[in-house]
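Here's the structure, in structure tokens; my notes come after.
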Amino acid sequence: MAKLLLVEDEPVSCRVLAKILSRQGYLVATAATVEALNTAVDFNPDAVITDWLLKDTRTGLEIAESVRKRNPRAGVVFISGLPAESLQGKVGHLANCRLLEKPFHHDELLSTLQMLHEQQ
Amino acid sequence: MPAKHETLQSLRNELESVRSRLEEAEAVIAAIRSDEVDALVVNTRTGEQVFTLRTAELPYRLFIERMREGAITVSDDGTIAYANDCFARMMRLPLSQVMGAPVNRFIRPEDQSAFQALVQIDRNGQGRSEFLLQAADGAAVPVYIASSRFSVDEVQGTCIVVTDLTELRAAQEALRRSERLASVGTLATGIAHEVNNPLNSILLTARYALELKDEPDGGPPVMEESLRTVISEAQRCGRIVKALLQFARHEKTGKWPADLNDAIRRGVDLARTYLPDCKAQFDCTLQDGLPPVEYNPTEMDQVLVNLLQNSVQAGQGHVHVSIRTGRHGDWVSLTVEDNGPGIPPEHLGRIFDPFYSTRFESGGTGLGLSVVHGIITDHGGTISVESRVGQGTAFQIHLPVSVKGESTHGQVAAG
């Protein structure tokens, strides 16, 4: 069973996304902000879905980097309410990663995860 | 009949002679002004007298006549005894119609007393102020006035240098417009981010409820919970849009001189109404007898409510807020100080930026303090903040003492 780390400080989105992903058979760990850095190491996920702008002024990039320290092949999906083109330059250099603009359909997220899994 | 005809003819001749002498006099004055004449020969009872114009005073006269600022001398009965050409052009009248005219002709009725205050009430002093004059065609001319009193040979009056601020004002307005336009891009990204987050929650929740409607673990309870989520997230979108409109509706509003303490008392009462469940304590220490400041009451209420709301939300209700007023020279100050958690230094520089908030999840929109900043700046005032983490935050506002209000006050006191 694939392990997913979900980092999202919007409580409603976080709750619903976790339910949706669990129903699809993923093992999901959720975290908001700083604790995500520790969870990332302990849980060792196959992929991480992370909000770009986190409340404690960290960005999803830091989360992705800490996940990849343990598992360099982990897939990364950045989700953000900001326009994708404003983030492209900041994550363009990362392999095996995707950007999803909010609001997104959960089918989009599932197919993105599938695509990352196939590339691994 | 012939007698009457002759009288008429002699009057005509006399008029003609007066006209030609007047023209001659005007030509002489023009020649003196343009520096074409060095001396005047005048017939007096004791014979011809020569007046030399090229005296040591020539440089002064040239300076006043040629300078690109208006200059007038106003005698104490309000007559313009002297004006230079630049001032006449500013008022869009021939120089001959400016000299000898009452100075009030160029001052709007509602500004007359303020003008008097500036040039006469303080008879020994020197006045400096921005002012709005009225040109002959009715156009308002923003000017900067510097006046000083004089007293020569029992004649008293005021010398005034008048600087036309029309071009400066237009340049400032253009700069403000371009700054506003530049911030639209930042603002649009901010709006997108703030609205897309609740929209995402709505979309995901609704789809999830739909998917589960016929499942054993779905049905009415999941549906009800989802609908409640959708409603509250939609309301959040509504709040963001409302706050944005309030921010965008930044139109010029009416201001008039009044006691700032009145606005403080009203604002504190309003805040108590807006924040009914909070356990915050508001303490007012308002200095009596403050000089009036010009403000828009509704906007000043909003300043108070936003600042108090900020303190209350940062302190999560249990906070002590001290509200103080005072006078510092030409400024009236307002301090709003709390003993809340304080603002970390890395946030301090950005708290007045639109859409900057650390409390989105608790209903903050990131516009409250930027609205406060906008209102205070529009009132010609300043706002600054000092904060220590763990100790509290103090906002300090300074508003200029009203010139209009001061003059009314002064006249009442003098009368």
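Quick note: numbers below take in every heavy atom, side chains included, and nothing from hydrogens, waters or symmetry partners. Within every chain, numbering begins at 1; the chains are lettered A, B, ... in the order of the sequence lines, protein sequences first and strands thereafter.
At a threshold of 4.0 Å, the pair B/Asp217-A/Lys19 does not count as salt-bridged, since none of the basic side-chain nitrogens sits closer than that to a carboxylate oxygen. The existence of a salt bridge linking A/Glu10 and B/Arg236 is confirmed by a sub-4.0 Å separation between a basic side-chain nitrogen and an acidic carboxylate oxygen.
Pairs of residues two or more places apart, or lying in two chains, that qualify as ring-ring contact (aromatic ring centres under 6.0 Å, His included) and include a residue from residues 71-106 of chain A are A/Trp52-A/Phe78.
The 12-atom threshold is not exceeded at CZ of B/Arg228, counting heavy atoms of other residues, nucleotides or ligands nearer than 6.0 Å.
Checked options B/Leu199, B/Asn196, B/Leu203; the residue passing with A/Lys102 is B/Asn196 (criterion: side-chain contact (heavy atoms from CB on, under 4.5 Å)).
For residues 386-399 of chain B, a heavy-atom distance under 4.5 Å to chain A picks out no residue at all.
From A/Asp9, atom CG reaches atom CG of B/Asn197 across 8.0 Å, with rounding to the nearest 0.5 Å. Within the model, atoms OG of A/Ser13 and CD1 of B/Ile202 stand 9.5 Å from one another, a figure rounded to the nearest 0.5 Å. Interatomic distance, OG1 of B/Thr205 versus CD1 of A/Ile20, reported as 7.5 Å (0.5 Å rounding).
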Side chain to side chain contact (heavy atoms under 4.5 Å, CB included) between B/Arg207 and A/Asp107, worked out: CA-CA 10 Å; B/Arg207 288 292 306 204; A/Asp107 290 343; 4.2 Å; yes
